[in-house]
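To keep things clear, I will list the structure first and then write my remarks on it.
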Amino acid sequence: MAIEKSPPGRLLRTSYHVLFFSCLPSGDNTKLPSLVVTFYMSLLGCMLTIPFLLRDRGWEKFHLLSGSEWAHIMFLGIFVSGIGYWYWSKALEVLEASKVSMFIYMEPLFTLMAAILLLREKIFFISIMGGIIIIIGVIMVNGQLKYFSWKKR
């Protein structure tokens, strides 16, 4: 399997997407319930993906997916994209977007835990160290770790 190089603008586009999805559903910008906001954000994401599916004739490859692969897709769609973004919108109703955005860095940690529990993936030392670094970073940004805090005391 060949490793593809990322297009140069991908990182910049990702930053704009995180900004868009953090600020759009925040309580100051909309009075819609978080479930409605999540629905429309998911619908927008689906509509923006369809041209690529059509361009690459992706529907022709659906029959190649196994039952396990369909289950993984369903898990990602329901829990990660559906419930995850709903909770994200709920958090934006009660906290500022800048505070909620800090917790996006916890996503790899929760993904690792889900992969271990649901997919029976192996635990590696580097994964544990990465999780510890993520937790320390989030604590530091929140100003809870006074010795390493970036905030003024």
Side-chain angles (χ1 to χ4, degrees), residues 1-27 29-139 141-142:
M1 180 173 173
I3 297 176
E4 293 182 24
K5 281 189 163 185
S6 293
R10 182 177 290 173
L11 183 61
L12 186 59
R13 285 192 312 270
T14 301
S15 301
Y16 286 122
H17 293 159
V18 170
L19 176 68
F20 177 75
F21 285 111
S22 294
C23 294
L24 176 72
S26 67
N29 297 331
T30 182
K31 301 300 179 209
L32 296 172
S34 58
L35 189 58
V36 173
V37 172
T38 302
F39 170 76
Y40 283 117
M41 286 172 48
S42 298
L43 182 64
L44 177 64
C46 181
M47 299 304 286
L48 292 174
T49 303
I50 289 175
F52 298 103
L53 178 74
L54 296 174
R55 181 194 70 191
D56 298 337
R57 301 175 62 100
W59 66 88
E60 293 176 351
K61 298 175 184 161
F62 285 167
H63 73 281
L64 299 174
L65 297 173
S66 69
S68 174
E69 291 166 332
W70 278 111
H72 286 119
I73 291 171
M74 295 299 292
F75 174 82
L76 288 171
I78 294 168
F79 292 103
V80 177
S81 296
I83 296 173
Y85 281 122
W86 178 36
Y87 279 128
W88 180 265
S89 295
K90 293 290 279 182
L92 287 169
E93 288 178 0
V94 296
L95 294 172
E96 298 171 10
S98 60
K99 296 232 184 252
V100 175
S101 295
M102 289 185 282
F103 291 99
I104 196 70
Y105 299 109
M106 298 290 282
E107 182 182 354
L109 189 60
F110 290 117
T111 302
L112 175 65
M113 290 188 300
I116 291 167
L117 294 174
L118 301 173
L119 304 176
R120 309 270 192 260
E121 295 216 2
K122 294 179 182 175
I123 303 171
F124 294 101
F125 177 74
I126 192 73
S127 301
I128 294 170
M129 291 306 299
I132 291 170
I133 291 169
I134 289 170
I135 292 169
I136 290 171
V138 170
I139 290 171
V141 170
N142 280 317

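Numbers for residues simply follow the sequence, beginning at 1. Because only heavy atoms are used, hydrogens play no part in the values below, and waters and symmetry mates are left out as well, while side chains stay in.
For the atom pair Tyr87 OH and Phe79 CZ, the distance stands at 10.5 Å (nearest 0.5 Å). If you take NZ on Lys90 and CD1 on Ile83, they are separated by 13.5 Å, rounding to the nearest 0.5 Å. Here Glu69 contributes atom CD and Leu64 contributes atom CG; the two are 9.0 Å apart, rounded to the nearest 0.5 Å.
Partner of Ile132 under the side chain to side chain contact (heavy atoms under 4.5 Å, CB included) criterion, chosen from Ile135, Ile128, Ile134: Ile128.
The backbone N or O of Ile123 lies less than 3.5 Å from no partner atom in the side chain of Ser127, so there is not a single donor-acceptor pair. Arg57 places no side-chain N or O within 3.5 Å of a backbone atom of Leu54 that could act as its donor or acceptor partner.
Contact record, Pro51 with Leu48: CD-O, 3.5 Å, taken as the closest heavy-atom pair.
Other residues, nucleotides and ligands contribute only 12 or fewer heavy atoms inside 6.0 Å of the CD1 atom of Ile126.
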